[in-house]
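Below is one structure, written out as structure tokens, with a few remarks after it.
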Amino acid sequence: MIDVKHLIENPDLYVASQRARGADESLVEQIVSADAERRSSITAFEELRAEQKAFGKRVAAAKGDEKQQLLAEVKELSANVKAAEAASDEAKGRLDGLQRRFPNLIEDGVPAGGEDDFSTVKTVGTIRDFSADGFTARDHLEIGELIGAIDMERGAKVSGSRFYFLKGVGARLELALMQMGLDLALKNGFIPMMTPTLVRPETMQGTGFDVEHDDEIYKLERDDLYLVGTSEVALAGYHADEILELGEEPIRYAGWSTCYRREAGSAGKDTRGIIRVHQFNKLEMFIYTSPEKAAEEHARLLDWEEQMLAMVELPYRVIDTAAGDLGMSAARKFDCEAWVPTQETYRELTSTSNCTTFQARRLNIRERVAAEDGSKGGTRMVATLNGTLATTRWLVAILENHQNPDGSVNVPAALQPYLGGLEVLPVL
RNA sequence: GGAGACGUGCCAGAGCGGCCGAAUGGACUUCACUGCUAAUGAAGGGUCCGGCGAAAGUCGGACCGGGGGUUCAAAUCCCCCCGUCUCCGCCA
């Protein structure tokens with residue numbers, strides 16, 4: 001949720017943000033008037049309520065006929081209080097509804113427009129020239145089958161389309177990648193977390209997902225639970241309704257979990273291989289920090305992602321996602337996209353978002369701040385950020401970019417220790 | 001799956017339907033005392049929302065797991081949900 005007070009003081013900022021997103025600008029005006037209504041209805045209710053409480057004391061003190069007399073008098077007042085409270089609850093509800101629909105205020109510098117309006121921050125590495133190497137690149141599935149790493153057919157037999165088995169070196173490669181990511185995280189002060197993958201609706205909503213309308217989310221109707229699409233959900237919910245003692249250093253978690261996505265709107269897209277699947281594993285970074293440190297922490301997250309890409313020796317580019325493609329919670333988002341030779345394009349491997357105080361406000365996660373004069377201090381919303389360290393999809397880029405003419409795959413040096421020193425994934 | 005107990009402030013733990021934002025301990029902060037630590041004495045605390053105020057503040061409202069209800073009035077009575085614990089059964 002956005003900060004309504006901030007919106008009221010800076011409506012122009014929010015209008016501009018909505019415009020850049022291609023979202024509804026009139027929401028700004030609607031929130032301003034809904035808040036005015038809320039305030040006046042609260043004042044009306046509170047005055048009546050104070051009167052009722054004062055009356056209550058007289059009733060308690062009185063007895064006999066006098067008490068009966070007072071009781072008769074106060075009945076009408078009680079009805080008025082009820083009505084005023086209902087009106088004020090309704091006004092609060094209206095504002096809350098608008099607030100929930102309003103996406104995060106974008107950060108300065110985010111390119112305006114939709115999916116294709118991203119700006120490229122940088123391009124790293126050299127795209128491999130397979131014609132110079134004298135052979136035609138095989139796609140990741142063909143390689144995966146040659147080296148016994150991926151079995152899509154049996155995945156479909158057991159679970160349906162977009163399911164797969166990773167076996168043999170495929171299973172080992174995924175684990176190796178995740179472990180390497182975890183080691184990088186540990187080296188940088190992250191606390192490793194194995195998180196729940198089924199969460200309650202409030203947790204899902206709190207993170208910014210709409211369980212009612214989001215077709216991407218698997219729902220377990222009988223139990224009113226939802227399968228997470230990323231451990232971000234569990235890690236954001238982890239500190240819900242808490243007041244954190246954030247020191248100088250942010251709290252950094254590295255969440256390891258399986259992720260589930262329905263891919264409802266993507267029928268026919270990426271149907272081959274493991275590019276787009278219903279279930280995959282992911283190592284996710286999640287940060288709680290002070291609002292003023294959020295942007296610099298965002299840069300750090302991006303840097304760690306790039307370190308991972310460097311370790312697996314992939315050519316990639318970094319894009320600054322356009323406003324319209326940010327989603328509800330992000331104020332800014334950088335994606336790292338690796339080159340996929342057989343698609344002759346860059347595909348997303350990591351994504352890091354700065355959600356500023358947006359998620360924290362909905363989840364009610366605050367920090368204790370020290371007052372200027374010393375140790376007292378109030379509370380304020382924290383900022384949250386997230387970013388990807390590794391996912392199953394990375395196998396696609398690794399297999400394709402490091403393949404040999406016979407279908408075997410060279411293991412990047414940094415990954416070899418995690419595969420027991422294996423230098424090549426051989427054809428079976 | 002069956003039976004039961006419980007959910008109060010940072011923690012422990014009281015709380016007849018009105019005098020309860022809430023006793024009492026402990027922890028914590030500040031002050032005093034002691035050469036330091038400890039001990040002792042005194043004082044002080046939550047969160048959110050609204051009004052007024054430049055601010056410190058001040059006045060008012062809400063919050064005793066969550067949501068409904070009964071009542072002039074609910075931490076206290078009733079219902080539903082969530083969670084924790086104990087016993088039995090079942091499964092691994």
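So that the names make sense, note that chain A is the first sequence line, chain B the second, and so on, each numbered from 1. Because the structure is predicted, anything quoted here is derived from the model rather than measured.
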Could you check Glu46(A) against Asp89(A) and say which one's nearest nucleotide on RNA chain B is further toward the 5' end?
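This one resolves to Glu46(A).
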
Residue met sooner reading RNA chain B from 5', once Arg366(A) and Lys75(A) are mapped to nucleotides
Arg366(A)

Got Thr352(A) and Leu385(A) here, is their nearest side-chain heavy-atom distance under 4.5 Å?
no

Just to be sure I understand the rule, does Phe55(A) reach a base, reach only the sugar-phosphate, or reach nothing, if contact means heavy atoms closer than 4.0 Å?
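Here Phe55(A) touches no strand at all.
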
Select base, sugar-phosphate, or nothing to describe what Ile42(A) touches, counting heavy atoms under 4.0 Å on all strands.
sugar-phosphate

Will you find, in the side chains of [X] and [Y], an N or O donor that is under 3.5 Å from an N or O acceptor?
X: Ser351(A); Y: Asp335(A); result: yes
X: Asp3(A); Y: Thr357(A); result: no
X: Arg49(A); Y: Gln52(A); result: yes

Please report the distance separating the P of G2(B) from the corresponding atom of G17(B), rounded so that it comes out in whole Å.
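The answer is 33 Å between these two P atoms.
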
As a test of the definition: with a 90° window around 0 for syn, would you call G45(B) syn or anti?
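Syn, angle within 90° of zero.
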
Would you write the dot-bracket representation of RNA chain B, where each base gets (, ), [, ], | or . depending on whether it forms a Watson-Crick or G-U pair under 3.5 Å and with which partner?
((((((((.[[[..)..(.....]]].(((((.......))))).(((((((....))))))).[[[[[..)....]]]]])))))))....

Note: Ala234(A) and Thr195(A) closest approach over all heavy atoms is CB-CB, 3.7 Å

So which atom in Ile365(A) and which in His239(A) form the shortest heavy-atom distance, rounded to 0.1 Å?
CG1-O, 3.3 Å

Does [N] have OP1 or OP2 under 4.0 Å away from a side-chain N or O of [X]?
X: Thr43(A); N: G60(B); value: no
X: Thr379(A); N: C48(B); value: yes
X: Arg49(A); N: G60(B); value: no

